[in-house]
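Just so it is clear: chains get the letters A, B, ... in the order the sequence lines come, proteins before strands, and each one is counted from 1. Owing to the predicted nature of the structure, the values given are computational and were not obtained by experimental measurement.
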Amino acid sequence: MVNACRPLSLEEALVMRSREATTVFAGGSDLMVRYRQWSGVTPDFSGTVLFVGHLPELQRLDREKDTWKIGAACTITQILQAQGIPDHLKLPLLSMASPSIRNVATLGGNICNASPAGDTLPMLYALDARLTLQSRDNARTVAIADFITGPGKTILAADEILTEITIPPGDWPRVYYKKAGTRRANSISKVTFYAVARFDGDRIADIRMAFGAAAPTVVRNPAAEALLQNIDKNQVPAWLETLTTHYADALRPIDDLRSTGKYRQQTALRILAHFLRRELA
Amino acid sequence: MKIKLSFRLNGESITLATEPLKRLLDLLRDQLELTGTKEGCGEGECGACAVLIDDRLMNACLVPAAVLEGKNIITIEGYRTTAQFKILKSCFEKAGAVQCGFCTPGMLLAAEALLRQKPKPTAEEVRAGLAGNLCRCTGYNMIVEAVLLAAKEGEGLWSTPVGL
Ligand SMILES: Cc1cc2nc3c(=O)[nH]c(=O)nc-3n(C[C@H](O)[C@H](O)[C@H](O)COP(=O)(O)OP(=O)(O)OC[C@H]3O[C@@H](n4cnc5c(N)ncnc54)[C@H](O)[C@@H]3O)c2cc1C
Ligand code: FES
Ligand code: FES
């Protein structure tokens with residue numbers, strides 16, 4: 001039988017979580033599809049469902065100096081509408097789902113769902129986002145790249161809740177997001193690519209790039225990014241081949257979608273080439 | 001397990017007992033006998049089940065009962081008593097935007113949500129606003145046209161609250 005608990009505070013939710021096996025329910029846009037049965041029949045969750053979407057502690061959205069702290073249960077719509085939210089955070093969110101989904105889908109849910117195609121993930125990897133995981137007696141902060149370990153897999157412990165996402169400061173005048181292939185509830189984006197850059201005159205002062213859906217987890221390659229550092233943006237095309245080899249190794253086709261693996265790798269590399277040749281210069 | 005739940009539905013306060021994970025869609029159609037909200041896909045893709053919850057467009061097939069506590073819900077049955085609906089209805093008729101009608105309740109509520117945010121939308125913005133609503137009949141152009149027409153004919157209406 002399904003139990004449900006709608007705690008009134010984060011503390012109460014964490015106590016609940018420490019006592020029994022629970023499914024954390026934020027916006028439910030992944031969970032309601034995952035556990036759906038058929039018309040008229042209540043979705044088949046097992047165990048206790050713990051509703052957290054309404055908790056004020058998870059709804060904060062603050063800017064401290066230039067660091068953004070986003071409560072895990074902020075919806076995509078809330079983030080898009082927040083005062084002063086920079087374009088480099090907005091761009092991937094704008095291409096995520098439809099308005100009615102964005103009104104329920106939370107940032108924390110997108111992260112914990114850990115789909116290789118999650119639209120917020122390449123951005124969070126590229127920007128070195130950090131996650132606060134809280135349990136009744138403890139809190140720890142981890143890098144997003146250490147949090148997600150595989151498709152649908154994270155290091156979240158059974159008694160923890162993701163409470164906050166921290167985006168370190170960064171001035172990124174150049175932002176690019178490409179989503180190849182349409183995203184439907186039951187299919188997955190072919191490949192996603194997110195990049196930000198900052199220039200000093202014509203010189204690349206800093207650049208970050210990340211691929212989604214092209215491997216079991218998001219692919220970022222700091223060594224390849226370092227190659228582009230300090231070079232003149234007009235010289236970038238000359239580096240294309242070197243960069244392609246750097247990324248080709250990391251862009252491994254996803255196991256359970258083998259048939260399209262090759263296509264994904266090629267698409268990913270083509271997007272990279274397009275970005276470096278046409279968008280960056 | 002059943003829980004007791006109170007919320008506002010189409011302007012009336014309602015208290016009822018239900019399973020916490022029952023979909024709002026089933027609650028509306030089976031328990032409350034409001035069948036204007038349609039089920040197309042049952043998984044968030046088609047928008048036939050769209051309703052307004054606290055003025056935001058949401059798909060009733062993805063919303064479980066437990067999250068409705070204290071919320072203000074508007075379905076097509078409530079919306080059709082408003083001035084905004086009257087304009088949209090006449091513009092949908094004029095533009096030929098209704099064929100089988102299955103998508104129409106969701107389309108109207110999506111149009112309402114859009115016009116409230118952007119009272120003078122471009123065609124592009126209308127398409128983005130209706131992106132979560134599928135129509136198998138019209139090919140969308142007539143629907144976009146209807147919403148643009150409503151923005152013109154109902155100018156000013158979308159800055160006043162839905163009278164519910
Ligand atoms: C029609 C449709 C279209 C979609 N389109 C897109 C798209 O274009 N791009 C995209 O990226 N996604 C898309 N999605 C997927 C989904 O909307 C997103 O992944 C969303 O961000 C999930 O958030 P949620 O709050 O609804 O998650 P939920 O369903 O509530 O939860 C998802 C998972 O995360 C866990 N969880 C949630 N919050 C927490 C927390 N605070 N702490 C610990 N665990 C937590 C849950 O236990 C669950 O395992 C789509 C879904 C649908 C139905
Ligand atoms: S039935 Fe809810 S979106 Fe299709
Ligand atoms: S009119 Fe038939 S689905 Fe839109």
Side-chain angles (χ1 to χ4, degrees), chain A residues 1-8 22-55 73 75-78 80-81 93-106 109 182-187, chain B residues 1-3 5 18-31 38-71 106 109-111 113-114 116-118 125 127-134:
Chain A
M1 189 172 86
V2 178
N3 270 313
C5 172
R6 193 171 175 278
L8 293 176
T22 49
T23 301
V24 177
F25 188 114
S29 59
D30 281 310
L31 288 173
M32 290 296 279
V33 175
R34 194 183 309 159
Y35 295 116
R36 80 180 278 243
Q37 303 207 71
W38 48 88
S39 188
V41 181
T42 298
D44 187 23
F45 286 76
S46 56
T48 299
V49 178
L50 184 64
F51 290 98
V52 303
H54 60 286
L55 295 175
T75 64
I76 302 305
T77 303
Q78 279 172 319
L80 282 170
Q81 290 177 350
L93 305 190
L94 283 170
S95 68
M96 186 168 158
S98 60
S100 56
I101 299 291
R102 295 207 288 261
N103 285 341
V104 297
T106 65
T182 47
R183 168 63 154 85
R184 292 281 154 130
N186 287 330
S187 69
Chain B
M1 178 181 128
K2 284 203 173 186
I3 52 165
L5 207 58
T18 183
E19 291 166 67
L21 285 149
K22 195 186 217 20
R23 305 179 309 167
L24 170 60
L25 180 59
D26 298 323
L27 200 61
L28 290 171
R29 293 183 56 88
D30 301 346
Q31 200 162 335
K38 303 300 181 200
E39 173 155 17
C41 63
E43 47 191 52
E45 288 287 349
C46 75
C49 66
V51 298
L52 297 173
I53 301 181
D54 288 350
D55 291 329
R56 288 201 197 276
L57 190 72
M58 293 185 189
N59 294 328
C61 69
L62 296 182
V63 176
V67 309
L68 298 173
E69 180 62 38
K71 300 281 187 203
L109 290 166
L114 164 74
R116 196 147 292 279
Q117 290 237 317
K118 298 204 164 89
E125 286 168 338
R127 283 183 194 276
L130 304 181
N133 296 72
L134 303 183

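- Looking at A/Phe25, only its side chain comes within 4.5 Å of chain B, counting heavy atoms on both sides.
- Heavy atoms of B/Ala50 lying under 4.5 Å from chain A are absent altogether.
- Contacts between B/Gln117 and chain A at a heavy-atom distance below 4.5 Å involve the side chain alone, from C-beta outward.
- Counting heavy-atom pairs closer than 4.5 Å to chain B, the top residue among A/Gly40, A/Gly53, A/Gly28, A/Ser29 is A/Gly40.
- Within the 4.5 Å cutoff, no side-chain heavy atoms of A/Thr22 are placed close to those of A/Val49.
- Of the listed residues B/Ala128, B/Gly42, B/Ala131, B/Gly132, the one with more heavy-atom pairs under 4.5 angstrom with chain A than any other is B/Gly42.
- Options A/Ile101, A/Leu31, A/Asn103, A/Thr77 differ in how many heavy-atom pairs under 4.5 Å they form with chain B, and the most are formed by A/Asn103.
- Using a 4.5 Å cut-off on side-chain heavy atoms (C-beta onward), A/Thr75 and A/Val104 make no contact.
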* How far apart are the C-alpha atoms of B/Glu43 and A/Arg34, what are their side-chain angles, what is the distance that settles it, and do they pass the salt bridge (Lys or Arg N to Asp or Glu O under 4.0 Å) test? -> CA-CA 9 Å; B/Glu43 47 191 52; A/Arg34 194 183 309 159; over 6 Å; no
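- Between the B/Arg23 side chain and the B/Ala60 main chain, no donor and acceptor come within less than 3.5 Å of each other.
- Judged purely by atom type and a 3.5 angstrom limit, B/Asn133 uses its side chain to pair as donor or acceptor with the backbone of B/Gly47.
- Only the side chain of A/Gln81 comes within contact range of chain B, with heavy atoms under 4.5 Å apart.
- In this structure, the side chains of A/Leu50 and A/Val52 come closer than 4.5 Å at one or more pairs of heavy atoms.
- Note: B/Leu57 leads B/Leu25, B/Leu114, B/Leu57 in heavy-atom pairs under 4.5 Å with chain A.
- The candidate from B/Asp26, B/Leu27, B/Ile53, B/Asp30 with the greatest count of non-hydrogen atom pairs under 4.5 Å with chain A is B/Asp26.
- In this structure the side chain of B/Val67 never reaches within 4.5 angstrom of the side chain of B/Glu69, judged on heavy atoms.
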